[in-house]
Protein chains: 2
Amino acid sequence: MSEAKPRVVIVGCGFGGLFAARALHRAPVDLLVIDRNNYHLFQPLLYQVASAALAPADIAQPIRTILRDQQNARVMLAQVEGVDLAARTVDAAGHVIPYDYLILAPGAVDNYFGHDSWGAHAPGMKDVGEATLIRSRLLRSFERAEFEEDPAKKRALLTFIIVGGGPTGVELAGAIKELAVDVIPRDFRAADTRRARVLLIEAGPRLLPALGPDSSARALRQLQALGVEVRLGEPVTDILADGVRVGSDPIHSYNVIWAAGVRAAPLTATLGIPTTGPGGRIAVNPDCSLPGHPEVFVIGDAASLTDDRGRVVPGVSQGALQMGRYVAELIERRVRGTAAGHTAPFRYHDYGSMATVGKSRGVVEIGRLHFGGLAAWLAWGALHITVLIGFRNRIAVLLNWIYGYFFRRRGSRLINRSSDEGAAG
Amino acid sequence: MSEAKPRVVIVGCGFGGLFAARALHRAPVDLLVIDRNNYHLFQPLLYQVASAALAPADIAQPIRTILRDQQNARVMLAQVEGVDLAARTVDAAGHVIPYDYLILAPGAVDNYFGHDSWGAHAPGMKDVGEATLIRSRLLRSFERAEFEEDPAKKRALLTFIIVGGGPTGVELAGAIKELAVDVIPRDFRAADTRRARVLLIEAGPRLLPALGPDSSARALRQLQALGVEVRLGEPVTDILADGVRVGSDPIHSYNVIWAAGVRAAPLTATLGIPTTGPGGRIAVNPDCSLPGHPEVFVIGDAASLTDDRGRVVPGVSQGALQMGRYVAELIERRVRGTAAGHTAPFRYHDYGSMATVGKSRGVVEIGRLHFGGLAAWLAWGALHITVLIGFRNRIAVLLNWIYGYFFRRRGSRLINRSSDEGAAG
């Protein structure tokens, strides 16, 4: 009997893939979710792993556990190597997996805009491995500064550069400055971590370009009050092992973090179809399907779509999960034969944007309501705790935050051995 | 003024090194603690990281933070490359560090008794990297079993072998069996994890040889009740990529864990003195000093000592921390010039032994009082929570345990990417 059910394969279990899978829970389909990790990662909090506040396990939940009670779903841990659109099969870990419907939600990777050598010196923030690498380098810099006698080198060890003034860059800059000023000073004897220099460099004219100019100005003021140096309108022209070049101005540093852009995951390039959207994204039809392939959908960061109100769907979790739910509904209707092919095009709903600036500050925009400060920070915390997948993680994260807030400590200050820097944990 | 103070260097910040450092908090010395990790690891709970119950950060606390208020102490993150006993200096990360007193507490590494090739197939349980490697392999085996069609291979994927029936082996075997039976069955569709085979192989005639025969029998019954197969008196004769050989009997498995023995850390071999104790340990004087070097002490797993009551100091945390405190007192007396050289020899106090068997079972021995079952498990939990270094870790661990107990879930089920298996996090 189960033979007869249409096979739906979802590649990638970020917000898009996960919400598509969950939305299909009543659909008469055989669902297979494939991801290269065994966990769904709550990516909006990844910067807190990089800044030693949370452990990776606090923001990761096994995909199997999330979907354990969804009887139509199976989960496969595998790297998808390719898709054969003509044969309707997916290649993964030596298996050739047939599908009737395919949802591609492979996400994004760092985009160095052609400067691939920059990646070695300036890791991004796309997965647990990168976040723990950033954490290790960051903490190791303070350790080295403690015993460095050359003042110039010591200064460079205590200089942290974040490239890119979007939400990730803003949140990371605030968290690192706060770590240096508020959490660790008493742990060190010779290094004055309070004097650590945190630079946030943005090529464009303002921070948080996706938000309103008032929020940009508010975030700028909050970061400066915290002691973060912000440079606007200055593009980074080179990144080397010992620093960056901003315009023609060299800044000496051993800690550069890349938060300046992402592109679609490499899988999109293997499909044999033109990736016409920006950053290797695939320009999809108004119903998120692949041109010429109504049975294949691309959602989330790998898709490029302007919705029917002329709004470009942004590469944020809201965009991905809304696309996931939309596509799931479309497939369920087709499978059930109800209103086949007559579903309205995908429309993005903006429920607001927010970013934190250190502890107890931030900016929030919900429609026309824009605010900042402690209220923004509390709203941000409440939303993220509510949405965080998995009961245990919610409690653990809340506990870590409360602990960090009152005791000015961070719960996850592990430096990985250099031989294995950057691995998950 | 601080120039004139005697310089005390401690190499290694496990239980021995940490308790020596803390016991010196009022001593008029300049103290430097060197460790290759930035954290003190609460090793007795490492098996819970390997079995996905706790995150590494739950049982690791930055050494700097532990010693932040101890003004005579500095902390250095470095690998010690060697010691020059004649020049009285330590080589670490390019620094040549002079000392007046040296406490060597480098700990232990896995001992494969000459079969070094076994290490690649059967990781041990000595650090965070090994524990997360074991965790990744363990969880990956269940993942692979879910999609394996060859029944023999599937059986091997669901066979877990622990070599060595000491506390680590007993605790790990119980935790893995319980993971398979109690925590994950509903997460899988095709693999029946309840039928996973967990084998504990001990070459000697009984489990927990350091405890009484009644406790050994109790642990054996408890493990068998849980469904663990225990083989006693059967030495492992070979370990390969796809299994082990017990006597001449091959057992097919992709998950073999080494808990059969440790030897002193490699640093001891670089001292240029004979390592006459078992497992490369250094036979020390009754006051833990190095023969011919009254200013150098070796403590913990790297030392071999029979105390004045004829009791061999066991390689457990109690032994290390008691030696650490003893040596600290000895140094403080010498520095202060009180009763110089007249301190009584080190004497080991056995405050009891315990081990858990899965959730809610265990064995405890405190003097003549021997008991098992739930009472033993509660006693074990209470002790470990009390001793666990750092307030936040206590709460986090307790919360994880309570969560695991009532919800039958584990908090840290992350599989590292194969490229970076085995790293900290």
Side-chain angles (χ1 to χ4, degrees), chain A residues 36-39 49 54-58 60-62 64-65 67-69 71 73-78 93 95 127-129 132 136 139-140 143-144 146-147 184 186-190 390-393 395-396 399-400 403-404 407 409 411-417 419-425, chain B residues 36-39 52 54-58 60-62 64-65 67-69 71 73-78 93 95 127-129 132 136 139-140 143-144 146-147 184 186-190 390-393 395-396 399-400 403-404 407 409 411-417 419-425:
Chain A
R36 60 184 186 153
N37 290 316
N38 73 323
Y39 50 82
V49 172
L54 295 176
D58 293 333
Q61 186 78 345
R64 296 196 172 285
T65 304
L67 297 175
R68 71 196 301 177
D69 296 323
Q71 290 306 326
R74 284 178 307 142
V75 177
M76 179 185 254
L77 172 72
H95 299 268
D127 61 32
V128 168
T132 55
S136 286
L139 297 175
R140 199 185 296 278
E143 296 287 339
R144 284 170 61 197
E146 175 80 344
F147 288 91
I184 59 172
R186 282 200 302 136
D187 288 16
F188 290 84
R189 304 284 184 255
F391 169 74
R392 180 258 169 192
N393 299 36
I395 308 248
L399 185 89
N400 268 304
Y403 174 79
F407 295 93
R409 291 204 182 175
S412 203
R413 276 170 54 194
L414 277 73
I415 297 179
N416 291 348
R417 222 66 73 59
S419 60
D420 48 37
E421 267 195 341
Chain B
R36 60 184 187 153
N37 291 315
N38 73 323
Y39 49 83
L54 295 176
D58 293 333
Q61 186 78 346
R64 297 196 171 284
T65 305
L67 297 175
R68 71 196 302 178
D69 295 323
Q71 291 306 326
R74 285 178 306 142
V75 178
M76 179 186 253
L77 173 72
H95 299 267
D127 62 29
V128 168
T132 55
S136 286
L139 297 174
R140 198 185 296 278
E143 296 288 339
R144 283 170 60 198
E146 176 81 346
F147 288 91
I184 59 172
R186 282 201 300 137
D187 288 17
F188 290 85
R189 304 286 183 255
F391 168 73
R392 180 256 167 193
N393 299 36
I395 308 248
L399 185 91
N400 268 304
Y403 175 78
F407 296 94
R409 291 202 183 176
S412 201
R413 276 170 54 195
L414 277 74
I415 298 179
N416 291 348
R417 222 66 74 58
S419 59
D420 48 34
E421 266 193 344

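In what follows, chains are A, B, ... by sequence order, proteins preceding strands, each numbered from 1.
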Treating R189(A) as the side-chain partner and R68(B) as the backbone partner, does any N or O pair qualify as donor plus acceptor under 3.5 Å? yes

Ranking P62(A), A78(A), A93(A), A190(A) by heavy-atom pairs under 4.5 Å to chain B gives rank one to P62(A)

Most contact-rich option vs chain B, by heavy-atom pairs under 4.5 angstrom, among L77(A), T65(A), V49(A), L139(A), is T65(A)

For this session: Please answer whether the main-chain N or O of R413(B) pairs with a side-chain N or O of N38(A) as donor and acceptor at a distance below 3.5 Å.
Result: yes

Between P56(A) and L414(B) the two heavy atoms that sit nearest each other are CB-CD2, 3.7 Å

**Q.** Sub-4.5 Å side-chain heavy-atom contact between I415(A) and N37(B)
**A.** no

Max heavy-atom pairs within cutoff under 4.5 Å with chain A, candidates E146(B), R74(B), M76(B), goes to M76(B)

Does a side-chain N-to-carboxylate-O contact under 4.0 Å join E143(A) and R64(B)? yes

To the nearest 0.5 Å, atom CG of D69(B) lies from atom CG of D187(A) at 9.0 Å

